[in-house]
Each structure stands twice: as C-alpha cells, then as structure tokens.
Amino acid sequence: MKKIGVLTSGGDAPGMNAAIRAVVRKAIYHDLEVYGVYNGYEGLMEGNIKKMELGSVGDIIQRGGTILYSARSEEFKTDAGQLKAIEQMEKHGIEGLIVIGGDGSFRGAEKLTLKGFPCIGVPGTIDNDIAGTDYTIGFDTALNTIVDAVDKIRDTATSHERTYVIEVMGRDAGDLALWAGLANGAETVIIPEKKESFESVVAKLKRGQERGKKHSIIILAEGVGSGVDYGKRIEEETQMDTRVTVLGHIQRGGSPSGYDRVLASRLGAKAVDLLLSGVGGKMVGVQNNLVVSHDISEVLTKKHEINMNMYDLSNQLSI
Ligand code: F6P
C-alpha cells in the first residue's frame, strides 16, 4: 500500500483533529502518501480530495471540530454512491481509507470494504455509544464541558433554591448523562438504558425537600425525551421552582482534553498500522487501556453497554 485517504464523517467531536494528525504523521513516517477527503462521504463522491503533508496537520492537535469538515450523506448509502466514491479513490491511486466517525460512518466503511476497498474505522463521537471500545474520541471533552456547565448552574440553583433539569446529548446512549451525574453529584440521573419512573423521581425530590434540601439537579439524557417537557411536569407535580437548561451543541465544541488527544493519537496510528498490514473492515478501539481492533460488522451488530454499576453508585451517593 502506497497511498491512503482519511475522512471525518457524522457529528464532529473534539479530538478528531488529533486523530487526523496521527493518521497523517504515522502514514508519512511509514513513507505512505496520505490524502485528506473533505466533507465526509459527500466530498469523497465528489472527489474533494487533497494530498496532505506533515505541515498540513501542524497546530491542530489542540483544535476542536475537524479541519476536514464533516457531513452526513444520503447518496452514499446507495450502491451507486459507493461505486462513485471508489472510482474517485482509484483516480487518485488511493488504496485504503480511514474513516473517523460514529456508527453511521462505519456502516459506509463496511460497505466499501465489502466492495473490495479496505477501510478502517476510528471511533469519534461524543456519545460513547459504540461497541468494542471503552471510550470514543470526544467523549471525555464533552463530559468535561458538561461538568463545567453544571457546576455553574449549581451556583445559581443554590442561590435561588431551584430545581434544574439539564438535558445533555448522547443520542440513544446515557453515558454522558451518567458520567456527568456522578461527576457533578446530581440528585437524579435519567438515562434511556434504565427507565426511572416519574413517580420515583418526584418522591426523591420530595424526600430531599422534607430534609431541608433547597435545590436539586436532574441530569436527563436526550435519548429519554425532552428536558423542557420533563421540567414542566416536575414543576406541575411538585410546585418547586424549576428551570430547564438544554446544553445543546456546546457539548460538541472546544479544545480536546488531554485524554482525548492521547486516545486519538493512539487510535489514528493503529488504523494506519492495520491498513499497512493489509487489513480492512476493522474498527480500532481501546479496552482496558489497550489498543484493540474488531470487525466493523461485529461492532455494528453489538450494542454498547452502559456501566450499570456506575448507575447504582450514582443513586447510592445521591440518596
Ligand atoms: O452524535 C453526536 C450528536 O451530537 C448527538 O449527541 C446528537 O443527538 C446529534 O449528534 C445531534 O446532531 P446534529 O448536529 O445533526 O443536530
């Protein structure tokens, strides 16, 4: 293999740039040519492809977002779209592709691999919702963004003796909510993986009120439903002065944490090693602090498991 490509796809995540840097530098270290594909699969089909040099990835390890831009493509889901992409890569002499993104992006990578074009997936999403890796790139940074925001909200919640419902991202996964709940000492964490009845949440709030608690923080994962609706119900049921904050896309931005930069560097480099050894159709990940790889087909059929011991702990610590 002499030439490889790299793209970012789906929702951006802090640390994607660090992963791009690792791919480019590791590839050049091994005397490969490396091409950046702009705008995800959309750009791949259009041939928006440029050769990258060592300097192309200078000064980006600390930057959020992705210098290669990102997109979600409907056309690429079709056979015709995938063949168009392969044609473009062949035109540039590219023989393998590294896809940094989430499970939707890996579906595309699997399709290309099945059509004879080897791809390696690097998990980059704030949601931490991918099987076969303990952490995805961007999760730690998003978690720290939430922790910082909730600390600030707690200040005003205390001053005004209010109840807050804070809706966090994560798509269908509750990891961001759970980790933030533990880190912020939230009174209640509501996640899609463990439906907590509305009645028990209200009962807990009332118990707190009876023993003189003046404010409460409820962290709700977006996968459960609307934080605004939940806040309204809480206020109606308890008559507590309640406010809702939907943290939104602030969770996707910002400079990646040290952890995410290191993870991205390790995974990006491993992806290059796999392509060089002639392997395709794999996703790299980290498990028990070891860099691993799994078949993308396997990753896509398995469900990422949330740590229910942590959920129990969060409840035990917020009685
Ligand atoms: O997958 C990352 C994510 O930020 C999810 O947490 C969220 O549900 C979704 O993307 C939002 O997507 P968009 O940026 O298209 O609104």
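All ligand and atom numbering here is 1-based and tracks the order in the structure. Heavy-atom basis, side chains included; hydrogens, waters and symmetry copies ignored.
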_N or O contact, Met169 vs ligand 1, cut-off under 3.5 Å_ = no

_Among all protein heavy atoms in this structure, tell me which lies nearest to atom 6 (O) of ligand 1, with the distance rounded to 0.1 Å._
Asp127 OD1, 2.7 Å

*Does the distance from a Lys or Arg side-chain N to an Asp or Glu carboxylate O, for Glu74 and Lys77, drop under 4.0 Å?*
yes

*asked:* Could you identify the single nearest non-hydrogen protein atom to atom 15 (O) of ligand 1 and state the distance to 0.1 Å?
replied: Arg72 NH1, 2.6 Å

*Would Lys194 and Glu196 pass as an ion pair if we require N to O under 4.0 Å?*
no

*asked:* With a 6.0 Å cut-off (strictly less than), is the heavy-atom count around CG of Leu83, excluding the residue itself, greater than 12?
replied: yes

*Considering only protein heavy atoms, which is closest to atom 7 (C) of ligand 1, and at what distance to one decimal place?*
Glu222 OE2, 3.3 Å

*Heavy-atom contacts with Arg171 under 4.0 Å: which atoms of ligand 1 show up? List them by number with element.*
1 (O), 6 (O), 8 (O), 9 (C), 10 (O)

*Which protein heavy atom lies closest to atom 4 (O) of ligand 1, and at what distance to 0.1 Å?*
Arg252 NH1, 2.8 Å

*Ion pair present between Lys152 and Asp148, side-chain N to carboxylate O less than 4.0 angstrom?*
yes

*Could you tell me the residue and atom name of the protein heavy atom closest to atom 16 (O) of ligand 1, and the distance to it rounded to 0.1 Å?*
His249 NE2, 3.3 Å

*Going by atom types only, do Thr141 and Arg261 share a side-chain donor-acceptor pair under 3.5 Å?*
no

*Scan Lys204, Lys206, Lys213 and name whichever one has a salt bridge (Lys or Arg N to Asp or Glu O under 4.0 Å) with Glu187.*
Lys213

*asked:* In this structure, does ligand 1 have an atom that sits under 4.0 Å from one of the heavy atoms of Gly102?
replied: no

